[in-house]
**Q** 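Got a structure for you, written out below as structure tokens; questions coming shortly.
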Amino acid sequence: MRERVAETRWRRRLAARRSLDSAYRAVVGVVGGLVVALGLVTIPLPGPGWLTVIAGLFVLATEFMWAERLLEFTKRHVSAWTEWLGRQPVWVRLAVGLLTAAFVCGVLLVVLHVTGVPDWVPGWVPLWR
């Protein structure tokens, strides 16, 4: 991926100016790092946590070889997990789905307990008030 980005005309022009190239790499590192950090924080919460981590790695992989290797490692393992789960009987897939849903529900309840239940939640919802 880095090679494809490096071969573009705008990137070659940027690389020719050392100070701009260093600043660009620093900006890519900061932006990609922030996206990865946001994704890591949101993994246990409902939403696209892992997708955000992978998007941040994608941004970092445009400039850094270590991020490209980590992105390839992640893609290999996600693919292997998906294939393995697809080969399992229905009851195993249902159990994994139920455990995942229970984990997300538990994390959501803990977050609501720690941060407080928002006012827009109806009173009949059995949460800590």
Side-chain angles (χ1 to χ4, degrees):
M1 178 180 324
R2 280 181 326 104
E3 290 82 20
R4 285 189 302 191
V5 171
E7 291 171 3
T8 60
R9 186 181 339 158
W10 68 270
R11 189 61 182 100
R12 281 195 310 263
R13 274 193 261 146
L14 197 62
R17 302 176 85 187
R18 201 176 235 332
S19 61
L20 283 178
D21 188 46
S22 296
Y24 174 77
R25 287 176 56 90
V27 168
V28 167
V30 168
V31 169
L34 287 174
V35 173
V36 168
L38 177 69
L40 289 173
V41 168
T42 60
I43 283 174
L45 301 175
W50 280 111
L51 198 59
T52 308
V53 170
I54 292 171
L57 284 176
F58 182 78
V59 170
L60 290 169
T62 62
E63 288 298 316
F64 303 105
M65 187 62 175
W66 63 266
E68 191 171 353
R69 286 192 306 264
L70 185 58
L71 184 61
E72 289 301 318
F73 173 84
T74 304
K75 288 190 321 191
R76 271 195 323 271
H77 281 76
V78 167
S79 177
W81 166 255
T82 304
E83 289 174 15
W84 177 84
L85 195 59
R87 291 190 306 265
Q88 300 309 307
V90 173
W91 70 269
V92 173
R93 288 184 273 169
L94 286 173
V96 168
L98 288 173
L99 286 172
T100 302
F103 176 75
V104 169
C105 184
V107 168
L108 183 61
L109 287 174
V110 168
V111 167
L112 288 175
H113 179 65
V114 170
T115 62
V117 179
D119 292 334
W120 53 264
V121 175
W124 56 266
V125 176
L127 298 172
W128 301 279
R129 285 211 175 255

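Atom set for the values below is all heavy atoms of this structure, side chains included, hydrogens, waters and symmetry mates excluded.
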**Q** Closest approach of Val35 and Ala55, non-hydrogen atoms and distance?
**A**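 Looks like CG1-C, 4.3 Å.
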
**Q** Any sub-3.5 Å donor-acceptor pair from Ser79's side-chain atoms to Lys75's backbone N or O?
**A**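 Between the backbone of Lys75 and the side chain of Ser79 there is no qualifying donor-acceptor contact (under 3.5 Å).
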
**Q** When clusters are formed by joining ILVMFWY residues with side-chain heavy atoms under 4.5 Å apart, either directly or through shared neighbours, do Leu85 and Leu98 land in the same one?
**A**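 Different clusters.
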
**Q** When hydrophobic residues are tied together by side-chain contacts of less than 4.5 Å, even through go-betweens, does Phe64 share a cluster with Leu40?
**A**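 Phe64 clusters together with Leu40.
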
**Q** Indicate if Val59 and Trp50 have the same hydrophobic cluster label, given that clusters are the connected sets of ILVMFWY residues with side-chain heavy-atom separations under 4.5 angstrom.
**A**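 Same cluster: Val59 reaches Trp50 through Ile, Leu, Val, Met, Phe, Trp or Tyr contacts under 4.5 Å.
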
**Q** If you compare all heavy atoms of Ala67 against all heavy atoms of Ala61, which two are closest, and at what distance to 0.1 Å?
**A**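 In this case the closest contact between Ala67 and Ala61 is CB-N, 3.6 Å.
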
**Q** Side-chain heavy atoms under 4.5 angstrom apart, residues restricted to Ile, Leu, Val, Met, Phe, Trp, Tyr: same cluster for Val30 and Leu38?
**A**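 Each belongs to a different hydrophobic cluster.
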
**Q** Other residues, nucleotides and ligands only: do more than 12 of their heavy atoms fall within 6.0 Å of CH2 on Trp91?
**A**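 Count not over threshold, so no.
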
**Q** Looking at Phe58 and Leu71, what are the two nearest heavy atoms and their distance?
**A**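 Looking at all heavy atoms of both residues, the closest pair is CA-CD2, 4.0 Å.
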
**Q** Taking only residues two or more places apart in sequence or in another chain, which ones pass side chain to side chain donor-acceptor pair (under 3.5 Å) with Gln88?
**A**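 Partners of Gln88 under the side chain to side chain donor-acceptor pair (under 3.5 Å) test: none.
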
**Q** Check each of Val31, Leu70, Leu60 against Val36 using the side-chain contact (heavy atoms from CB on, under 4.5 Å) test, and report the only one that passes.
**A**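 That would be Leu60; it is the only one of Val31, Leu70, Leu60 passing the side-chain contact (heavy atoms from CB on, under 4.5 Å) with Val36.
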
**Q** With a sphere of 6.0 Å drawn around CZ of Arg87, does it hold more than 12 non-hydrogen atoms of other residues, nucleotides or ligands?
**A**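 Atom CZ in Arg87 is crowded, with more than 12 foreign heavy atoms closer than 6.0 Å.
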
**Q** Look up atom CG in Leu99 and atom CG in Leu94, then write down how far apart they are to the nearest 0.5 Å.
**A**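 It is 11.0 Å, given to the nearest 0.5 Å.
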
**Q** Can you name the nearest heavy-atom pair linking Val28 to Thr62, along with the distance?
**A**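 Here Val28 and Thr62 meet closest at CG1-OG1, 3.9 Å.
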
**Q** In terms of hydrophobic clustering (I, L, V, M, F, W, Y; side-chain heavy atoms under 4.5 Å; direct or indirect links), are Tyr24 and Leu20 co-clustered?
**A**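 Same hydrophobic cluster.
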
**Q** Can you list the residues that meet the ring pair (Phe, Tyr, Trp, His ring centres under 6.0 Å) rule with Phe73, with sequence neighbours excluded?
**A**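 Checked Phe73 against ring pair (Phe, Tyr, Trp, His ring centres under 6.0 Å); matches are His77.
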
**Q** Which value, rounded to the nearest 0.5 Å, describes the distance between Glu72 atom CD and Leu57 atom CG?
**A**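 The CG atom of Leu57 is 11.0 Å from CD of Glu72, to the nearest 0.5 Å.
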
